[in-house]
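All chains are named by letter (A, B, ...) in the order of the sequence lines, taking the proteins before the strands, and each is independently numbered beginning at 1.
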There are 2 protein chains.
Amino acid sequence: MYSKDLIRGTLRTIVLKLLKENGRMYGYEITQKVKELSSDQISLTFGALYPTLHKLEKEGVLTTISEVVDHRTRKYYSLTSKGDAAAKVKIDEYFAFSKTMNLIMSS
Amino acid sequence: MYSKDLIRGTLRTIVLKLLKENGRMYGYEITQKVKELSSDQISLTFGALYPTLHKLEKEGVLTTISEVVDHRTRKYYSLTSKGDAAAKVKIDEYFAFSKTMNLIMSS
DNA sequence: CTCTATATTTAAGTTTCTTATATATAACAT
DNA sequence: ATGTTATATATAAGAAACTTAAATATAGAG
């Protein structure tokens, strides 16, 4: 596991990227997907994820549909058209930032 | 300028890396160096930097020496031996994290 | 019948960051 | 003379974000 301060600040970017690639996803699914893609190196906590999802929904970036599967409620999140644009911006920004950070970290 | 949440969490890593490469530095110098290396894309704020420097000093990662240059006080920060080890860990961790993030962001 | 996995939510407390302010010197321009 | 910009550090109030923990609920495995 990476230190928490490094993971910090990438949550929104990760969420938007995953939703862009996978269409609709529910919260628990997002945490599992991130675990899988990172070989268990990044573990999103619910206390951080859900407030972020709710905030993005409030901002009009995400919409939700609740469905009951196996008697358990699932709340699916999808990007709105606004969210799709926001995801593009965030993804581009991430790569630019990463390039800049690599410059600093290789100086 | 990148969004604040992306810069978030990289402050400690940047400070430790710069001090490792440049020996002693003072706060203002760190902000200028980061501006320079990032082509003005990353601007560390004093309100974030100084509390972090003070915290690292308190943790025994940094030591300080004050000098007066041109009638202005400068407080030079350097890595302790503990800080040197901490810098190594943080730098390695950054590159590992970056690799993992790139996997997620390229999925 | 207990533990683990699935699934979401909230709330208290802590940390961290933003923004603003205070203090001080010096160089340069008006 | 006077104001602006650059240099240099520090602190404090408030906001934002995260950590940790607890609450609620179903289902399968041992």
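For B:Q41 (side chain) and B:S38 (main-chain N/O), no donor-acceptor pair under 3.5 Å exists by modelled atom type. In this structure a side-chain-to-backbone donor-acceptor pair under 3.5 Å is missing from B:Y94 to B:T10. Side chain of B:T80 to backbone of B:G60: a donor-acceptor contact under 3.5 angstrom is found.
The separation between B:L53 atom CG and C:dT16 atom C1' is 14 Å, rounded to whole Å. In this entry the distance linking CG of A:D70 with P of D:dG28 reads 8 Å, nearest Å. C:dA26 atom P lies 16 Å from atom OH of B:Y28, rounded to whole Å. C:dC17 atom P lies 11 Å from atom CD1 of B:I7, rounded to whole Å. Summarising the geometry, the separation between CZ on A:F46 and P on C:dA5 is reported as 12 Å, rounded to the nearest angstrom. Note: CE (B:M25) to P (D:dT7) measures 14 Å, nearest angstrom. Atom NE2 of B:H71 is separated from atom C1' of D:dT9 by 18 Å (rounded to the nearest Å). In this structure, the OH atom of B:Y50 is 20 Å from the C1' atom of D:dA13, given to the nearest Å.
The side chain of A:K75 lies closest to C:dT8, out of C:dT8, C:dT6, D:dA17. Side-chain proximity of B:Q32 to D:dA17, C:dC17, D:dT7: nearest is D:dT7. Relative to the side chain of B:P51, the nucleotides D:dA10, C:dT9, D:dT11 differ in distance, and D:dT11 lies closest.
OP1 or OP2 of C:dT19 lies within a sub-4.0 Å distance of a side-chain N or O belonging to B:K4. Between B:T45 and C:dT18 there is a side-chain polar atom (N or O) within less than 4.0 angstrom of OP1 or OP2. Neither OP1 nor OP2 of C:dT15 sits under 4.0 Å from any side-chain N or O of B:K55. A sub-4.0 Å separation between OP1 or OP2 of D:dA8 and a side-chain N or O of B:R74 is present.
Under the 3.5 Å distance criterion, with hydrogens and angles disregarded, no donor-acceptor pair is assigned to the side chains of A:K17 and B:S107.
Between A:R72 and A:L11, the residue whose closest nucleotide on DNA chain D is further toward the 5' end is A:L11. With DNA chain C read from its 5' end, the first of the two nearest nucleotides for A:R8 and A:E29 is the one closest to A:E29.
In this structure, B:Y76 reaches neither bases nor backbone, as no heavy-atom distance under 4.0 Å exists between it and the strands shown. B:G47 comes within 4.0 angstrom of a base, heavy atoms only.
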Check your understanding: Between B:D84 and B:K88, is a salt bridge (charged side-chain N to carboxylate O under 4.0 Å, His left out) present by the stated rule, with each step listed?
Key -> CA-CA 6 Å; B:D84 196 68; B:K88 264 193 198 100; 3.6 Å; yes
